[in-house]
K.L.:
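One structure, pasted below without further comment.
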Amino acid sequence: MNETRRALLAELMSGPVAGPELAERLEVSRAAIWKQVEALRDEGFGVESTDDGYVVATVPEFGAAAVEYGLGAPYTVEYHDTVGSTNDRGRELATAGERDVVVLADEQTGSRGRLRRAWSAPSGGVWLSVVFQPDCPPAHAPIYTLAAAVATARAAREAGVDASIKWPNDVIVSAANDGSSDPSDGVLVDADAPRGGRKLAGILTEMQGEADRVSWLLVGVGVNANVDADALPPGATSVRAEAGDVERRLFVQRLLEEFHDLRDAPEAVLDAWREHADTLGRRVRIETATETIEGEAVDVAFPGALVVRTDDGTRTVHAGDCEHLRPA
Ligand code: BT5
């Protein structure tokens with residue numbers, strides 16, 4: 001968004017301001033203010049002229065300006081109705097030197113999960129990538145995946161979804177919580193959700209770094225928001241299916257605000273993660289690049305490893321695909 005328009009919106013946040021007063025505060029001409037007010041109207045803002053000045057009466061449903069308006073975190077937003085992958089676009093911006101930018105899309109046509117798996121991203125979802133530069137070595141990057149999972153779970157809970165985190169990068173509605181199976185009969189895992197729980201969101205973190213310092217980090221978050229579950233792969237769920245449609249503008253704001261707070265306080269992430277984890281206390285099977293590890297997930301360790309108690313002792317697992325198993 002144009003800088004003057006951004007500053008204008010910031011002024012209008014706190015109530016009516018007259019055109020001449022705005023021109024003075026922003027150090028531009030009155031004609032420039034009028035032009036930017038028209039541009040905001042074109043973007044879907046209901047800007048009304050009252051006796052006391054301009055007032056924002058309505059905000060558009062979604063988009064860059066909609067998310068930036070009232071956002072309590074210092075990100076600028078680049079919005080696309082449709083894009084290949086927000087992570088790919090984020091990578092372009094990161095390489096060009098941009099930081100603290102969020103790429104946001106209504107629909108993606110070439111989005112990815114880990115190991116280049118396909119990710120479905122139909123219109124109505126929340127598909128975004130945050131580009132930033134944490135002051136840490138590359139080895140610490142997983143803490144930001146955990147932070148994004150916590151932020152997503154919190155935003156989803158506020159939207160009425162019983163969301164929890166499955167290590168390492170999923171936000172799910174646990175099979176035990178979604179009402180589709182009765183925990184009292186001892187069957188804790190839903191048959192349609194073989195890896196345990198229905199997947200609401202996934203996170204894909206990518207980065208560039210030198211030996212001791214991250215140059216840029218990109219946290220891609222995909223949330224099935226206002227999407228029909230049958231438009232998604234088997235085993236997936238959506239905010240719409242669990243709790244009804246959400247105001248995506250507010251959902252994205254909450255997610256970004258929570259993420260930003262945790263980004264600033266990495267030492268708080270593990271406790272927050274434990275609070276929202278579905279994986280801890282469960283029997284798990286983890287496929288790593290080289291082996292399969294089975295046991296009970298007992299804790300999470302910095303920067304994002306799962307601690308698993310196995311028959312052969314305790315293991316700290318740094319990466320892999322995790323399955324929640326039925327209790328023995
Ligand atoms: C992930 O990978 O869960 C990471 C997904 C990250 C997507 C975001 S969207 C914004 C940004 N831009 C991108 O291009 N990507 C990021 P993984 O753990 O590997 O899980 C992938 C698996 O999830 C697939 O193999 C499918 O089985 C399943 N899947 C695909 N689309 C899904 C969806 N919309 N909801 C739930 N599950 C899905």
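Atoms within a ligand are numbered from 1 in the order they appear, just like the ligands themselves. Just so it is clear, the values below take in all heavy atoms, side chains as well, and ignore hydrogens, waters and symmetry mates.
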K.L.:
Would you mind listing which atoms of ligand 1 come within a distance below 4.0 Å of any non-hydrogen atom of Asn87?
P.N.:
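Once the distances to Asn87 are compared, the set is 11 (C), 12 (N), 16 (C).
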K.L.:
Shared ILVMFWY cluster between Trp167 and Val223, side chains joined below 4.5 angstrom?
P.N.:
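Yes.
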K.L.:
Please check: side-chain N/O of Thr58 versus main-chain N/O of Gly46, any donor-acceptor pairing under 3.5 Å?
P.N.:
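Checking the backbone N and O of Gly46 against the side chain of Thr58, a donor-acceptor pair under 3.5 Å is found.
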K.L.:
Could you pull out, from Gly113, Ala148, Ser120, Ala236, the option with a heavy atom nearest to atom 31 (N) of ligand 1?
P.N.:
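That would be Ser120.
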K.L.:
Is the shortest side-chain N to carboxylate O distance from Asp321 to Arg117 below 4.0 Å?
P.N.:
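Counted as a salt bridge, because a side-chain N and a carboxylate O are separated by less than 4.0 Å.
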K.L.:
Using a strict cut-off of less than 4.0 Å between a Lys/Arg side-chain nitrogen and an Asp/Glu carboxylate oxygen, indicate whether Glu210 and Arg213 qualify as a salt bridge.
P.N.:
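Looking at Glu210 and Arg213, the cut-off is not met.
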K.L.:
Which ligand 1 atoms does Asn224 reach within 4.0 Å, using its non-hydrogen atoms?
P.N.:
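Those atoms are 33 (C), 34 (N), 35 (N), 36 (C).
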K.L.:
Answer yes when Glu294 and Arg285 have at least one side-chain N-carboxylate O distance shorter than 4.0 Å, and no when they do not.
P.N.:
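Salt bridge: yes.
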K.L.:
For ligand 1, which atoms have a heavy atom of Leu128 less than 4.0 angstrom away?
P.N.:
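Result: 10 (C).
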K.L.:
For ligand 1, find out whether one of its N or O atoms is nearer than 3.5 Å to an N or O atom of Ser129.
P.N.:
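Not met; the criterion fails.
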K.L.:
For Ala118, counting its heavy atoms only, list the atoms of ligand 1 lying under 4.0 Å from any of them.
P.N.:
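Ligand 1 atoms under the 4.0 Å threshold to Ala118: 24 (C), 30 (C).
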K.L.:
Considering only heavy atoms, which of Gly222, Ser85, Ser238 lies nearest to atom 8 (C) of ligand 1?
P.N.:
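It is Gly222 whose heavy atom sits nearest to atom 8 (C) of ligand 1.
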K.L.:
List every atom of ligand 1 that sits less than 4.0 Å from any heavy atom of Arg117, numbering the atoms from 1 in the order shown and giving each element.
P.N.:
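Atoms satisfying the 4.0 Å criterion: 17 (P), 18 (O), 19 (O), 21 (C), 25 (O).
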K.L.:
Under a 4.0 Å heavy-atom limit, does Pro233 contact ligand 1 with its side chain, its backbone, both, or neither?
P.N.:
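Pro233 to ligand 1: side-chain contact only, backbone stays beyond 4.0 Å.
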K.L.:
Taking both backbone and side-chain atoms of Thr86, is any N or O found less than 3.5 Å from an N or O belonging to ligand 1?
P.N.:
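Among all N and O atoms of Thr86, at least one is under 3.5 Å from an N or O of ligand 1.
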K.L.:
Take atom CG in Asp135; do more than 12 heavy atoms of anything else shown fall under 6.0 Å from it?
P.N.:
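Open: at most 12 neighbouring heavy atoms sit under 6.0 Å from CG of Asp135.
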K.L.:
Mark up the atoms of ligand 1 that fall under 4.0 Å of a heavy atom belonging to Leu232, in ascending order.
P.N.:
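Answer, ordered by atom number: 34 (N).
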K.L.:
If the cut-off is 4.0 Å to any non-hydrogen atom of Asn169, which atoms of ligand 1 fall inside it?
P.N.:
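It comes down to these atoms of ligand 1: 1 (C), 2 (O), 3 (O), 4 (C), 18 (O).
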K.L.:
Tell me whether Asp271 is salt-bridged to Arg274, with the criterion being a basic N under 4.0 Å from an acidic carboxylate O.
P.N.:
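Yes, Asp271 and Arg274 are salt-bridged.
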K.L.:
If we count only N and O atoms by modelled type, under 3.5 Å, do the side chains of Glu107 and Thr82 hold a donor and an acceptor together?
P.N.:
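Yes.
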K.L.:
Using a strict cut-off of 4.0 Å, indicate which atoms of ligand 1 neighbour a heavy atom of Ser111.
P.N.:
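Selected atoms, number and element: 13 (C), 14 (O).
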K.L.:
Quick one: look at Val221 and ligand 1, take heavy-atom pairs under 4.0 Å, and tell me if it's side chain, backbone, both or neither.
P.N.:
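Just the backbone.
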K.L.:
Salt bridge check: are Arg6 and Glu68 linked by an N-O gap of less than 4.0 Å?
P.N.:
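Counted as a salt bridge, because a side-chain N and a carboxylate O are separated by less than 4.0 Å.
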K.L.:
May I ask you to check whether Trp127 has an N/O atom sitting below 3.5 Å from an N/O atom of ligand 1?
P.N.:
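No.
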K.L.:
Is Arg240 paired with Asp245 through a side-chain N to carboxylate O contact shorter than 4.0 Å?
P.N.:
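Yes, this pair counts.
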